[in-house]
Protein chains: 2
Amino acid sequence: MTSLKAACSQCNLRELCLPYGLSETEIAQIDQLVGARRKVKRGHHLYRAGDPFEAIYAIKMGFFKTDILLEDGRDQVTGFQMAGEILGMDGIGTDIHTCNSIALEDSEICIIPFVQLEQLSREVQALQRHFHQVMSREIVRDHGVMMLLGTMRAEERLAAFLLNLSQRFTARGYSPQEFHLRMTREEIGSYLGLKLETVSRAFSRFQDEGLISVHQKHIRILEAAGLKRLLNHQPP
Amino acid sequence: MTSLKAACSQCNLRELCLPYGLSETEIAQIDQLVGARRKVKRGHHLYRAGDPFEAIYAIKMGFFKTDILLEDGRDQVTGFQMAGEILGMDGIGTDIHTCNSIALEDSEICIIPFVQLEQLSREVQALQRHFHQVMSREIVRDHGVMMLLGTMRAEERLAAFLLNLSQRFTARGYSPQEFHLRMTREEIGSYLGLKLETVSRAFSRFQDEGLISVHQKHIRILEAAGLKRLLNHQPP
DNA sequence: CAAGCCGTTTGATCTGGGTCAATATCGACC
DNA sequence: GGTCGATATTGACCCAGATCAAACGGCTTG
């Protein structure tokens, strides 16, 4: 575990991340707060369900998934997180993490000790506000996933998933059309409530229809409008 | 709209609600904060998707559902809320509510203006802490629903739903075995990602197996252990 | 570069829950 | 107390996606 001192003030993600909307002087205060950086190798846990909760984490670079494991062995991926996004808020409620957070590629995160975050957000109103917004957005995102799992058919789910990834990559300065998936078909399936074969078939069908091109984990979106059309169309 | 002054200090829900864990003097401060009570008649909205966000709401008495409506007409119930629970946190992220909140029976809520809540929680650490816990628990609850929608079969979903309701009624001093559902089969189905016929059939099957007795909206749990067994069993 | 091992694709078949339809029951309102 | 619309139950049939199975491609590793 390497630990460089983090510095939000130097970070090009600050407009996507926790410091969003803060003034220069306020960001300087956050620099104090953010403890250290930590590297997490691909496949390693950032935290596990059951771990005591001490901090939330901002992704400096890399890609994560969170999942929940039931006693009977079934598991569910609850989210994929990329640079600038916040991990660990599941632990605040009970002081114990309730899911696992696993790096899908070699990653680096900033540790934000929670006691100090609360302390500072009692002093810096804009920070308090923004932290509440981050939590609320997580709730709204989860509602979106519930919608997806509860009402959409397989192809709609995958289309929604691809468009969501595309949009998030775009916000980070990458191409909206072209990206490579960090997760396996099985992980996508778990997130979308589908089996990996169904995910694979849906990819193939999208490709046949000329909406995307797929080669393994490499995705190119050829016709975003076609994917969007899938979403707003009622199932038969 | 009737508006009585609320008084957390007098409220028998305070140990379930926002004031949880606060001292007498701190609760007195909350009394200042909580604006007014408001009655919401059965079938009426507390707020709608698109409404500007101004306050969160604590349910004083009654029963609510939240739902999301897609442009194409599909909708999904995202939750059912009962006395002592908090509504409206979906609006914090964007300053606009993202779902509808509808009373399923004549209800009464306490209005907690959000600006003032943030103000006071900058001063009262225990309040800040608890509010963060409430939000985090909402996230964890949503993960549970994702798990349910993503990995469970129809009967498991319904069993989980009944046990969850039972547990929440118990926490409010009602019978764990006997309660009446405030929502229709269709609303249960929407929440659980099932059609109303499937919900109805699952109820009938539970009744045939002697696990519960159902008469319309009246439920009596006869063998909670049997329902729990359904949950921890892997699907074939 | 051969051997293995994942991860992925594709085909064939099966099934849980959706769909469609008919009937039953309840509660609200004249 | 009778009518009507909303809610619930039950049956018959069907299909999207699961399951089972086989083969393939791209890596890592010796």
Side-chain angles (χ1 to χ4, degrees), chain A residues 41-43 65 73-77 102 104-106 148-159 161 180-209 212-219 230 233-236, chain B residues 41-43 65 73-77 102 104-106 148-162 180-209 212-219 230 233-236:
Chain A
K41 281 228 157 293
R42 176 195 163 118
K65 71 169 176 181
R74 281 181 290 184
D75 67 344
Q76 167 98 357
V77 171
I102 298 145
L104 294 183
E105 60 184 28
D106 292 354
L148 178 145
L149 292 171
T151 72
M152 294 187 186
R153 356 185 78 267
E155 293 195 2
E156 296 180 276
R157 295 184 199 188
L158 191 63
F161 174 72
H180 95 260
L181 301 170
R182 273 70 170 184
M183 69 296 279
T184 66
R185 302 288 188 264
E186 186 168 19
E187 287 163 335
I188 297 172
S190 172
Y191 181 61
L192 299 178
L194 302 169
K195 292 291 153 181
L196 68 99
E197 294 94 329
T198 306
V199 173
S200 179
R201 278 185 242 270
F203 271 132
S204 300
R205 219 165 311 131
F206 285 172
Q207 183 160 246
D208 293 348
E209 289 162 8
I212 64 174
S213 87
V214 204
H215 294 101
Q216 304 288 127
K217 293 203 154 75
H218 186 98
I219 300 283
L230 274 175
H233 250 299
Q234 193 115 261
Chain B
K41 282 229 157 292
R42 175 195 164 117
K65 71 169 175 181
R74 281 181 290 183
D75 67 344
Q76 166 98 356
V77 172
I102 298 145
L104 294 182
E105 61 183 29
D106 291 355
L148 178 144
L149 292 171
T151 72
M152 293 187 186
R153 358 187 75 268
E155 293 194 1
E156 295 181 275
R157 295 184 198 189
L158 191 64
F161 175 72
L162 290 174
H180 97 261
L181 301 170
R182 273 70 169 184
M183 69 296 280
T184 66
R185 300 287 188 266
E186 187 169 20
E187 288 163 334
I188 297 172
S190 173
Y191 181 61
L192 300 179
L194 302 169
K195 292 292 152 179
L196 68 98
E197 295 94 328
T198 306
V199 173
S200 181
R201 278 184 243 272
F203 271 132
S204 301
R205 219 164 313 130
F206 286 172
Q207 182 159 245
D208 293 347
E209 290 163 6
I212 65 173
S213 87
V214 203
H215 295 101
Q216 304 287 126
K217 293 201 156 74
H218 186 98
I219 300 283
L230 274 175
H233 251 298
Q234 192 114 263

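In what follows, chains carry the letters A, B, and so on, assigned in the order in which the sequence lines appear, proteins first and then strands, with residues in each chain numbered from 1.
Taking CD of A:Gln207 as the start and CD1 of A:Ile212 as the end, the distance is 6.5 Å to the nearest 0.5 Å. Between the CZ atom of A:Arg42 and the CG atom of A:Leu104 there is a distance of 8.0 Å, given to the nearest 0.5 Å. Distance CG/A:Leu196 to CZ/A:Arg201: 9.5 Å, rounded to 0.5 Å.
Contact detail for B:Val214 and B:Gln216: the closest heavy-atom pair is CG1-O, 3.6 Å. B:Tyr191 and B:Leu149 get closest at one heavy-atom pair: O-CD2, 3.8 Å. The two residues B:Thr151 and A:Arg74 have their closest heavy-atom pair at O-NH1, 3.2 Å. Across B:Glu105 and B:Arg182, no two heavy atoms sit closer than the pair OE1-NE, 2.9 Å. The shortest heavy-atom contact between B:Ser190 and B:Val77 is OG-N, 2.8 Å. Residue B:Arg157 comes nearest to B:Leu194 through the heavy atom pair NH1-CD2, 3.9 Å, listed as atom of the first residue, atom of the second, then distance.
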Between the protein and nucleotides 12-14 of chain C, which nitrogen or oxygen pairs come in under 3.5 angstrom?
from, atom 1, to, atom 2, distance (Å)
C:dA12, N6, A:Arg201, NH2, 3.3

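Taking the nucleotide of DNA chain D with the nearest heavy atom to each of A:Met152 and B:Ser200, the more 5' of the two is matched to B:Ser200.
No engagement by A:Gly189 is indicated, since no non-hydrogen atom pair under 4.0 Å with the nucleic acid exists. Residue contacts for B:Thr184: at a heavy-atom cut-off of 4.0 Å it reaches the sugar-phosphate backbone alone, with no base atom in range. At a threshold of 4.0 angstrom between heavy atoms, the contacts of B:Leu194 are confined to the sugar-phosphate backbone, with no base atom among them.
Proximity note for A:Leu196 (side chain, C-beta onward) versus C:dT8, D:dA8, C:dG17: the nearest is C:dT8. With D:dG17, C:dT10, D:dT7 as the candidates, the nucleotide lying closest to the side chain of A:Ser204 is C:dT10. For B:Glu197, whose side chain is taken as the heavy atoms from C-beta onward, the closest listed nucleotide among C:dC20, C:dG7, D:dA8 is C:dC20.
Contact annotation: B:Thr198 side-chain N/O to C:dG18 OP1/OP2 distance is under 4.0 Å. Look at B:Arg153 and you won't find any side-chain N or O under 4.0 angstrom from OP1 or OP2 of C:dG16. Residue A:Lys217 places at least one side-chain N or O closer than 4.0 Å to OP1 or OP2 of C:dT8.
Rounded to an integer number of Å, the gap from A:Arg42 CZ to D:dC27 C1' is 10 Å. Counting to the nearest Å, the C1' atom of D:dA8 and the CD atom of B:Gln207 are 13 Å from each other. Going from atom NE2 of A:His180 over to atom P of D:dG26 covers 16 Å, rounded to whole Å. One atom, CG of B:Leu104, and another, P of D:dT7, lie 11 Å apart when rounded to the nearest Å. In this structure, A:Arg205 places its CZ atom 13 Å from C1' of C:dG11, rounding to the nearest Å. A:Lys195 places its NZ atom 16 Å from the C1' atom of C:dT8, with the value rounded to the nearest Å. Residue B:Gln216 contributes atom CD, which lies 6 Å from atom C1' of C:dT25 at whole-angstrom precision. Following rounding to the nearest Å, B:Leu158 (CG) and C:dG16 (P) show an atom-to-atom distance of 17 Å.
When the C1' atoms of four end pairs are superposed on the next four at each end of the helix from C:dC1-D:dG30 to C:dC30-D:dG1, using five pairs per end, the two resulting axes differ in direction by 50°, to 10°.
Atom CD of B:Glu186 has 12 or fewer neighbouring heavy atoms from other residues, nucleotides or ligands inside a 6.0 Å radius.
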